**Q** 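If you scroll down you'll find the structure; I have some questions about it.
Predicted model only: the values in this text are computed from it and were never measured. Whatever order the structure lists ligands and atoms in, that order sets their numbers, starting from 1.
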Amino acid sequence: MSVTNLGQYPDVRLRRLRRTPALRKLIRQTLLTPNDLVSPLFIKEGRNIKTPISSMPSHFQLSIDQLKDEIKTLTSLNILGVILFGIPEKKDSVASGSYAPNSVICDAIKTIKDIAPDLLVITDLCCCEYTDHGHCGVIHQKGNVWEVDNDPTLEILARQAVAHAEVGADLVAPSGMMDGQIQAIRKGLDQSNFSDIPILSYAVKYCSTFYGPFREAAEGAPKFGDRKTYQIDPANADEALREAALDLKEGADLLMVKPAQTYLDIIYRIKQAFPGVPLGAYHVSGEFSAIMAAGEKGWLDPIATGLEVLTSIKRSGADFIINYFNKLIVPKLI
Ligand code: PBG
């Protein structure tokens, strides 16, 4: 588009098209709808639990018997889907609770499918909520340092995927940033006759401070060290493209960038590089909490800010957005 061919002031006045709400709607390019939105849920093993997450207003740790109201609220808002995070009663060093057929997540999938068969159920595949050390894989000691052991973790992730598919998950989303995890999960699913279950890869997951509130909510903070040896350095952009390309080669059906608000350039680049691949973005806990906290102080309007941020994420190239604003903002979309 050549700027010189588009005329100039005073013949051209862009404010003419901003004068009324209808004119602004007529030319609006990015529309956020409930069909773009997925809500995270934190499911805690036990009964009668509905514990507010202090840093994430409107979110709770819920036991399965408390899920019904939450699911009804989400479906009444036409929100497309949920992504589930489990908080088990018992953890061990090898995350064995993560793939048990009666795990809190498997029971939650069954319950949600009973309540709302059409709600898309995505499960997060990772070990950090199930390991007593809080890392995203099994660990071993090398000299005096403990390291996350890539290859033995792959089998655990594949077993999680199969366990979730067996009870009705629609989509599995590995978030642990282990090399080769998509290939291992695809193979595991295919061998168990689940070749029709798609994989949403958190291919581009940065090592972000914005996950802080989530780790409180999901009780999955690492007990020592950090996640720098597996999640991407926030300073790197080209590496994100390489991660995405590798995951596509391994069989990822959809890609995701996480966090979102601080990584719009990455969302844009991934969409440009792989235009045919559906792309999700995860507006993460800390991004949400920061806006809500500023709202509590009266420094900004959290709902209007949430709408602006989610619209920007979509505008930059995301096809769908996992985020914590849904219950607050969807009533404003209609
Ligand atoms: C599990 C996982 C995390 C998030 C999603 N899946 C935490 C982490 O990597 O430490 C973060 C989501 C959020 O902050 O909202 N690996």
**Q** Quick one: does Lys68's side chain have a donor or acceptor within less than 3.5 Å of a partner on Ile115's backbone?
**A**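 Not confirmed, Lys68 side chain does not pair with Ile115 backbone.
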
**Q** Please answer: with hydrophobic residues joined when any side-chain heavy atoms are less than 4.5 Å apart, are Ile322 and Tyr263 in the same cluster?
**A**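 Yes, Ile322 connects to Tyr263 through the hydrophobic network.
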
**Q** Please output the side-chain donor-acceptor pairs of residues 18-32 that fall under 3.5 Å, not counting sequence neighbours, one pair per line with the distance.
**A**
{"residue": "Thr20", "atom": "OG1", "partner": "Leu23", "partner atom": "N", "Å": "3.1"}
{"residue": "Arg24", "atom": "NH1", "partner": "Arg18", "partner atom": "O", "Å": "2.7"}

**Q** I'd like the atom pairs linking ligand 1 to the protein - N or O on both sides, separation under 3.5 Å - with distances to 0.1 Å.
**A**
{"residue": "ligand 1", "atom": "6 (N)", "partner": "Asp124", "partner atom": "OD2", "Å": "3.4"}
{"residue": "ligand 1", "atom": "6 (N)", "partner": "Lys258", "partner atom": "NZ", "Å": "3.2"}
{"residue": "ligand 1", "atom": "9 (O)", "partner": "Lys205", "partner atom": "NZ", "Å": "2.6"}
{"residue": "ligand 1", "atom": "9 (O)", "partner": "Gln231", "partner atom": "NE2", "Å": "3.0"}
{"residue": "ligand 1", "atom": "10 (O)", "partner": "Arg215", "partner atom": "NE", "Å": "2.6"}
{"residue": "ligand 1", "atom": "10 (O)", "partner": "Arg215", "partner atom": "NH2", "Å": "2.7"}
{"residue": "ligand 1", "atom": "10 (O)", "partner": "Arg227", "partner atom": "NE", "Å": "2.9"}
{"residue": "ligand 1", "atom": "10 (O)", "partner": "Arg227", "partner atom": "NH2", "Å": "3.3"}
{"residue": "ligand 1", "atom": "14 (O)", "partner": "Ser285", "partner atom": "N", "Å": "3.3"}
{"residue": "ligand 1", "atom": "14 (O)", "partner": "Ser285", "partner atom": "OG", "Å": "2.7"}
{"residue": "ligand 1", "atom": "15 (O)", "partner": "Ser285", "partner atom": "N", "Å": "2.8"}
{"residue": "ligand 1", "atom": "15 (O)", "partner": "Tyr324", "partner atom": "OH", "Å": "2.6"}
{"residue": "ligand 1", "atom": "16 (N)", "partner": "Ser175", "partner atom": "OG", "Å": "3.3"}
{"residue": "ligand 1", "atom": "16 (N)", "partner": "Lys205", "partner atom": "NZ", "Å": "3.0"}

**Q** Please output the side-chain donor-acceptor pairs of residues 165-172 that fall under 3.5 Å, not counting sequence neighbours, one pair per line with the distance.
**A**
{"residue": "Asp170", "atom": "OD1", "partner": "Lys113", "partner atom": "NZ", "Å": "3.4"}
{"residue": "Asp170", "atom": "OD2", "partner": "Lys113", "partner atom": "NZ", "Å": "2.8"}
{"residue": "Asp170", "atom": "OD2", "partner": "Val121", "partner atom": "N", "Å": "2.8"}

**Q** Between Lys110 and Asp107 (salt bridge meaning N to carboxylate O under 4.0 Å), is one present in this structure?
**A**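 Yes, Lys110 and Asp107 are salt-bridged.
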
**Q** Per the side-chain hydrogen bond (donor to acceptor under 3.5 Å, both in side chains) rule, what does the pair list look like for residues 313-323, sequence neighbours excluded?
**A**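 Output for this query lists Asp36-Lys314, Lys271-Asp319, Ser312-Arg315, Asn323-Asn326.
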
